[in-house]
Amino acid sequence: QNQKLKGKKLLIYTKNGNGYVHDNIDTSVTTLQKICAELGVATTVSEDPNIFLSSEMYSFDAVFFSNTNNEAFDTEEQRNAFQSFCSSGKGFGGLHSAIGSERKWPWFWKLIGGSFLRHPPLQTFTIKVNRKDHPSTKHLPPSFNSEDECYFIKNSNPSFKILLEADLSTVSENKTDKNPFR
């Protein structure tokens, strides 16, 4: 266990608004819980946005949106509570379709790095490591392949330092077109 992380608490948040709900949410939550347990980090899982209004919220060190999508909150009060949580210095992260959450909220776009535009079909493509000296990427090769949906974003936050990015020459917009940018 990492002694720096022992005793920390993470909220794994999974709410999806109206629209597509990924079928990998349970797997992602189980995987996150396993990683956190190995690190000595306690986890709570919720899809209820009222948790952001609860007195329990500030006991968490961070919140992680695990495949959230569309409306992650039901009310402005919940959005404001989440924004206050993040602005207080607490941590935030998101996985996969989290970038597709809160598509009408510019503050969220800035927090997560942009807003969802679209994604091509599931496929194998190449990921390039942009910052080899960062602690979270220093163990990686200069590039590697991944099978996923490559998410395209708009309203990108120019202050972000991009650690990994898709090599778009290896991403096809459809199953037959090998170069979608001709």
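Index from 1, following the sequence.
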Determine whether [X] and [Y] fall in the same hydrophobic cluster, where Ile, Leu, Val, Met, Phe, Trp and Tyr are linked whenever their side-chain heavy atoms lie under 4.5 Å apart.
{"X": "Y151", "Y": "V171", "result": "no"}
{"X": "I51", "Y": "V29", "result": "no"}
{"X": "F60", "Y": "V41", "result": "no"}
{"X": "W105", "Y": "I99", "result": "yes"}
{"X": "L168", "Y": "L164", "result": "yes"}

First locate atom [atom1] of [X], then atom [atom2] of [Y], and finally report the distance between them rounded to the nearest 0.5 Å.
{"X": "K110", "Y": "S159", "atom1": "NZ", "atom2": "OG", "answer": "6.5 Å"}
{"X": "K15", "Y": "N67", "atom1": "NZ", "atom2": "CG", "answer": "14.5 Å"}
{"X": "L163", "Y": "R131", "atom1": "CG", "atom2": "CZ", "answer": "7.0 Å"}
{"X": "H139", "Y": "H134", "atom1": "NE2", "atom2": "NE2", "answer": "12.0 Å"}
{"X": "N80", "Y": "W107", "atom1": "CG", "atom2": "CH2", "answer": "10.0 Å"}
{"X": "L10", "Y": "K90", "atom1": "CG", "atom2": "NZ", "answer": "11.5 Å"}

Determine whether L39 and C36 satisfy the following criterion, side-chain contact (heavy atoms from CB on, under 4.5 Å), listing intermediate values before the conclusion.
CA-CA 5 Å; L39 295 170; C36 287; 5.7 Å; no
Where does the angle between the aromatic ring planes of F65 and Y13 fall among parallel (under 30°), tilted (30 to 60°) and perpendicular (over 60°)?
tilted
Once you measure the plane-to-plane angle for F52 and F82, does it fall in the parallel (<30°), tilted (30-60°) or perpendicular (>60°) bin?
perpendicular
Would you say E165 has more than 12 foreign heavy atoms packed within less than 6.0 Å of its CD?
yes
Heavy-atom count check: over 12 atoms from other residues, nucleotides or ligands less than 6.0 Å from N145 CG?
yes
L11 and M57: CA distance, side-chain angles, deciding distance, side-chain contact (heavy atoms from CB on, under 4.5 Å) verdict:
CA-CA 8 Å; L11 171 62; M57 194 61 208; 3.7 Å; yes
Shortest non-hydrogen contact from [X] to [Y]?
{"X": "D61", "Y": "K8", "result": "OD2-CA, 3.1 Å"}
{"X": "T126", "Y": "S143", "result": "CG2-CB, 3.9 Å"}
{"X": "N50", "Y": "Q78", "result": "OD1-NE2, 2.9 Å"}
{"X": "K9", "Y": "S59", "result": "NZ-OG, 2.9 Å"}
{"X": "P141", "Y": "V129", "result": "O-CG2, 3.0 Å"}
{"X": "G114", "Y": "I153", "result": "CA-CD1, 4.2 Å"}

Any side-chain heavy atom of P120 sitting closer than 4.5 Å to one from F125?
no
Do D148 and H96 come within less than 4.5 Å of each other through their side chains, counting heavy atoms only?
yes
Got a sec, which residues hit side chain to side chain contact (heavy atoms under 4.5 Å, CB included) with [X], two or more places apart in sequence or on another chain?
{"X": "L32", "result": "I12, F64, S66"}
{"X": "N70", "result": "R103"}
{"X": "L117", "result": "F152, K154"}

Mark yes or no for whether [X], through its side chain, and [Y], through its backbone, hold a donor-acceptor pair below 3.5 Å.
{"X": "T30", "Y": "T27", "answer": "no"}
{"X": "Q33", "Y": "T43", "answer": "no"}
{"X": "S101", "Y": "E71", "answer": "no"}

Trace of the side-chain contact (heavy atoms from CB on, under 4.5 Å) decision for F108 with C86:
CA-CA 10 Å; F108 184 78; C86 293; over 6 Å; no
